[in-house]
Number of protein chains: 2
Amino acid sequence: MDHSENTLRDCIQAIFPMSASANAEIRRRVEFLPAARGEVFIKQEAANRYEYFLIEGVCRSFLIDPQGEEITISFFQGASVLSPHSVRTVRERSFYNFQACTDILLGRLDAANFMQLMIAHPEVRDFGNTVMRLELMRKVEREVGLAVLTARERLLKFREQFSMLENLVPHTQIASYLGISAISLSRLRSDIARE
Amino acid sequence: MDHSENTLRDCIQAIFPMSASANAEIRRRVEFLPAARGEVFIKQEAANRYEYFLIEGVCRSFLIDPQGEEITISFFQGASVLSPHSVRTVRERSFYNFQACTDILLGRLDAANFMQLMIAHPEVRDFGNTVMRLELMRKVEREVGLAVLTARERLLKFREQFSMLENLVPHTQIASYLGISAISLSRLRSDIARE
DNA sequence: GGCCTCCATTAACATTTGTAAAGAAGTGAA
DNA sequence: TTCACTTCTTTACAAATGTTAATGGAGGCC
């Protein structure tokens with residue numbers, strides 16, 4: 001078993017521990033593929049029929065607003081699972097863009113095939129539902145954060161959650177994730193550093 | 001079968017049509033109870049073990065920010081389903097307050113009991129997962145709306161989604177839902193009316 | 001009817017946040 | 001090394017949003 005497969009197992013076990021056989025069932029359906037830093041591996045409005053594991057690296061989801069600006073919705077760090085297909089797509093068209101922030105390694109599997117596996121295996125079903133519930137909790141947390149926290153507090157929280165990202169991805173991407181302009185982010189950074 | 005039960009069926013069928021027997025299984029576990037306008041029927045931080053249907057009326061979820069201000073998170077109009085228990089609670093403690101905006105009629109059922117029903121009945125399972133997926137889609141849409149729309153556009157969208165609420169609930173509640181102050185809401189309203 | 005409370009609106013002002021433009025610092029390639 | 005490019009920061013200014021306080025209307029209650 002090579003490194004990727006071990007890490008795939010980590011992605012899964014971190015969310016919902018499953019038996020070796022259930023792990024193997026998933027493993028058999030997963031195809032590994034790399035994406036280079038900057039590559040948009042899921043495109044907004046494009047058809048997409050896969051579920052994804054992020055084996056290694058950092059990526060983000062984003063969309064283009066009416067002014068043509070990129071808005072970062074989420075960041076993801078491996079080893080983890082990307083938002084489920086049902087969250088990313090409406091009528092089989094991708095809702096967001098997904099872009100590699102570093103060189104990454106993905107594991108992908110056919111969403112319909114995975115759905116069959118969920119139906120057949122209670123363990124896999126629990127895994128899938130847990131993924132969805134965790135994604136929902138993330139959204140709730142973000143919703144609350146945007147509602148009750150100041151931009152400054154959101155930045156501090158971002159630093160807790162994604163400690164290495166501030167020196168890794170362009171600040172314009174972080175700023176749009178925080179709901180502020182890159183200039184405001186710069187101001188906040190120097191304000192905080194001054195203390 | 002009285003009016004409440006018919007409307008309970010509407011709540012369910014609107015989300016995921018189920019057989020008469022599955023409907024009956026749910027019905028057997030549901031207890032109807034009214035709440036008066038203004039009543040907070042789920043309290044933040046309080047233990048809560050129920051799933052809820054909103055049979056009739058309007059309610060909202062909200063929380064108290066560090067400054068002691070109420071922040072509206074969502075509005076709900078019957079007949080519909082409130083956010084699932086797993087979304088409303090962390091470690092069995094309610095995450096949000098839920099308040100009746102009008103006199104309402106609720107249907108509630110024990111969350112653990114409903115979970116058992118989901119395990120036993122594939123239809124109920126699909127229903128439960130659909131509820132969760134729809135809730136997730138709502139969160140995504142709201143997340144995107146807060147990210148890419150101006151306050152003015154968010155107000156116009158709110159009017160589409162909740163056309164009767166603007167003259168029904170206090171504007172402070174609507175303003176916090178839109179992420180602006182009540183004064184800004186008033187300014188937007190007069191700006192739009194002036195056109 | 002008259003009083004009272006709640007709520008929406010408006011005005012004046014302060015603060016925050018965004019925009020545009022220019023400069024500085026770091027990165028990568030020829 | 002040097003040039004081009006990207007990105008972060010800074011400044012000055014404009015626009016949006018919030019705060020405080022005053023006004024006026026609607027509805028409930030005695």
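Proteins get letters first, then strands, A, B, ... in listed order; numbering begins at 1 in each. Basis for what follows: all heavy atoms, side chains included, without hydrogens, waters or symmetry-related copies.
- Using a cut-off of 4.0 Å between Lys/Arg side-chain N and Asp/Glu carboxylate O, A/E166 and A/R159 are scored as salt-bridged.
- Between B/F76 and B/F98, a ring centre-to-centre spacing shorter than 6.0 Å is recorded.
- Comparing C/dA8, C/dT10, D/dC8 by their closest approach to the side chain of B/T172 singles out C/dA8.
- Between the CG atom of B/D191 and the C1' atom of D/dA15 there is a distance of 13 Å, rounded to whole Å.
- B/L168 has its CG atom 15 Å from the C1' atom of D/dG27, to the nearest Å.
- Here B/F62 and B/Y177 keep their ring centres 6.0 angstrom or further from each other.
- In this structure, the CG atom of A/L178 is 11 Å from the P atom of C/dG18, given to the nearest Å.
- If B/P170 and B/R187 are placed on DNA chain C by their nearest nucleotide, the residue sitting closer to the 5' end is B/P170.
- For the pair A/I183 CD1 and D/dA12 C1', the computed distance is 13 Å after rounding to whole Å.
- Taking the side chain of A/S181 as heavy atoms from C-beta on, and the options C/dG18, D/dC8, D/dT17, the nearest nucleotide is C/dG18.
- In this pair, A/Y50 and A/Y52 present their aromatic rings perpendicular. The plane angle is above 60°, beyond the 30 to 60° band.
- Among the protein residues, A/S184 comes within range of the sugar-phosphate backbone only, with heavy atoms under 4.0 Å from sugar or phosphate atoms but none that close to a base.
- At the heavy-atom level, B/I180 lies under 4.0 Å from the strands shown only through sugar-phosphate atoms.
- Remark: C1' of C/dA25 and CG of A/N167 are 14 Å apart, rounded to the nearest angstrom.
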